[in-house]
Amino acid sequence: MKIKYLFLIAMLCLFHQSFAQISIFGSVIDSDNQPVSFANVLLVSPQDSALIKGTVTDSLGRFQLANVSPGAYRIQSNMIGFQTSYAPYLLSLSSNQTDTTLAAIQLLQENIGLDAITVTAKKPIFIRLADRTIVNVQNSPTLVGNSALQVLERSPGVSLNRQSNSLSMYGKTGVRIMINGKASRLPADAVIQMLDGMSAANIASIELITSPSSDFDAEGNGGIINIVLKENLAQGTNGNLGFTLGYNQAETLGANFNLNHRAKKVNLFLDYTIHYDKYEVPWDNSRFIRTPTFEKKSISLSDRVPKKTVQNLRAGIEYLITPDFTLNA
């Protein structure tokens, strides 16, 4: 009986380890070895530089990239006023790791010529403010071809549990989803499906609000995710049509359509997106049985190639009653 319990405990521990995700710790410094606060740190694919996970350093220049799967990656860091830094080495994470600490990433200041009269700067993908982190979707070509759910999975502090269809921010559940500042009252399953089919090409930015102000309802304790869609403020009738073609282990296809009619007091809009994704899901499961008399090792490898098509249709009308009061449907 004692050996049986020891066997069950060992199996549970090994089962947990086989599915454990890896955390990456590190820091960003400048040429004077001083910490760089609020710098972007991006984990990218070595093949096509596609964003896998991103975060922002804290006030002491430290960062953590959590829930990273085993594999090979590159580290990239950038900050306004500094040159973009690419780690010269390939970061390799194995399944038997739980965490790893990187050497400090050093950023060099950009050289500014005094004879230049035009100064340009590109917004970073992630901007950290006092109460929120802003994800500038349009500033990353690798994000535009994804769905809103895939963008959130790559955002700082956001975790997706596909088994329970729930989102959490910095370990807190009960996250509220808002679109253009308006709360979504859909069930959790429907919200996840909606985000999975919403093309990032129609999104201007995503706000990850960890400390909601009094302007928001107090409902929920996990924070707010506010998705800011592109909006055309020009008068008259206008629209756009876009297509997405990509390859990430398998083909990814998508299309988005937007039509907007804006008059003096009335605005009509129609959005439609379709997203097709075919991807591989490798399954690597290792089990060990150890007793005082024998040792057994079992390894199971399998690959699944699911296909998924999600469509979203959003239509509405806005009527301007007064400059400070608008009726929406």
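Throughout, residue positions are numbered sequentially from 1 according to the sequence presented. Predicted, not measured: the structure shown is a model, and the values here were computed from it.
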Between [X] (side chain) and [Y] (backbone), is there a donor-acceptor pair under 3.5 Å?
X	Y	value
S77	L107	no
R74	Y89	yes
N260	N267	no
T57	A39	yes
S168	G171	no
N40	F126	yes
N136	P124	yes

Heavy-atom side-chain proximity of [X] to [Y] below 4.5 angstrom:
X	Y	value
S85	L108	no
L43	I75	yes
I289	F294	yes
L208	L152	yes
T173	N161	no
T237	L259	yes

Grouping I, L, V, M, F, W and Y whenever their side-chain heavy atoms are under 4.5 Å apart, do [X] and [Y] come out in a common cluster?
X	Y	answer
M198	I274	no
F82	I105	yes
V41	Y86	no
L90	L93	no
M194	V228	no

To the nearest 0.5 Å, tell me how far [X] [atom1] sits from [Y] [atom2].
X	Y	atom1	atom2	answer
L91	T100	CG	OG1	6.5 Å
N328	L320	CG	CG	10.0 Å
Q109	D32	CD	CG	7.5 Å
N256	F243	CG	CZ	8.5 Å
T101	Q64	OG1	CD	10.0 Å
K53	N67	NZ	CG	6.0 Å

| S166: what forms a side-chain hydrogen bond (donor to acceptor under 3.5 Å, both in side chains) with it, not counting sequence neighbours? |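 Partners of S166 under the side-chain hydrogen bond (donor to acceptor under 3.5 Å, both in side chains) test: S164.
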| query | Should L195 and V151 be marked as a side-chain contact (heavy atoms from CB on, under 4.5 Å) after you check the CA-CA gap, both sets of side-chain angles, and the distance that decides it? | reply | CA-CA 10 Å; L195 295 176; V151 174; over 6 Å; no
| request: Dump the intermediate steps for side-chain contact (heavy atoms from CB on, under 4.5 Å) on R62 and F25, then the final yes or no. | output: CA-CA 8 Å; R62 302 171 301 188; F25 299 90; over 6 Å; no
Heavy-atom closest contact ([X] atom, [Y] atom, distance):
X	Y	value
S205	I203	O-CG2, 3.4 Å
I29	V36	C-CG2, 3.6 Å
Q47	S45	OE1-OG, 2.8 Å
G181	N226	N-OD1, 2.9 Å
A183	M178	N-CE, 3.8 Å
L51	V44	CA-CG1, 4.3 Å

| Can you name the one residue among I24, T133, L65 that meets side-chain contact (heavy atoms from CB on, under 4.5 Å) with T55? |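 One option only clears the test, and that one is L65.
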| field | Connected hydrophobic set around I127, excluding itself, where side chains approach under 4.5 Å | value |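 L129, I134, listed by chain and number.
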| said: Can you see whether N312 engages D271 through a side-chain donor-acceptor pair at a distance of less than 3.5 angstrom? | reply: no
| Evaluation steps, side-chain contact (heavy atoms from CB on, under 4.5 Å), between T326 and I321 | CA-CA 6 Å; T326 303; I321 299 177; over 6 Å; no
| request: Under the side-chain contact (heavy atoms from CB on, under 4.5 Å) rule, what do I179 and L229 come out as? Steps first, then yes or no, please. | output: CA-CA 7 Å; I179 298 178; L229 300 177; 3.7 Å; yes
| Do other residues, nucleotides or ligands put more than 12 heavy atoms under 6.0 Å from Q106 CD? | yes
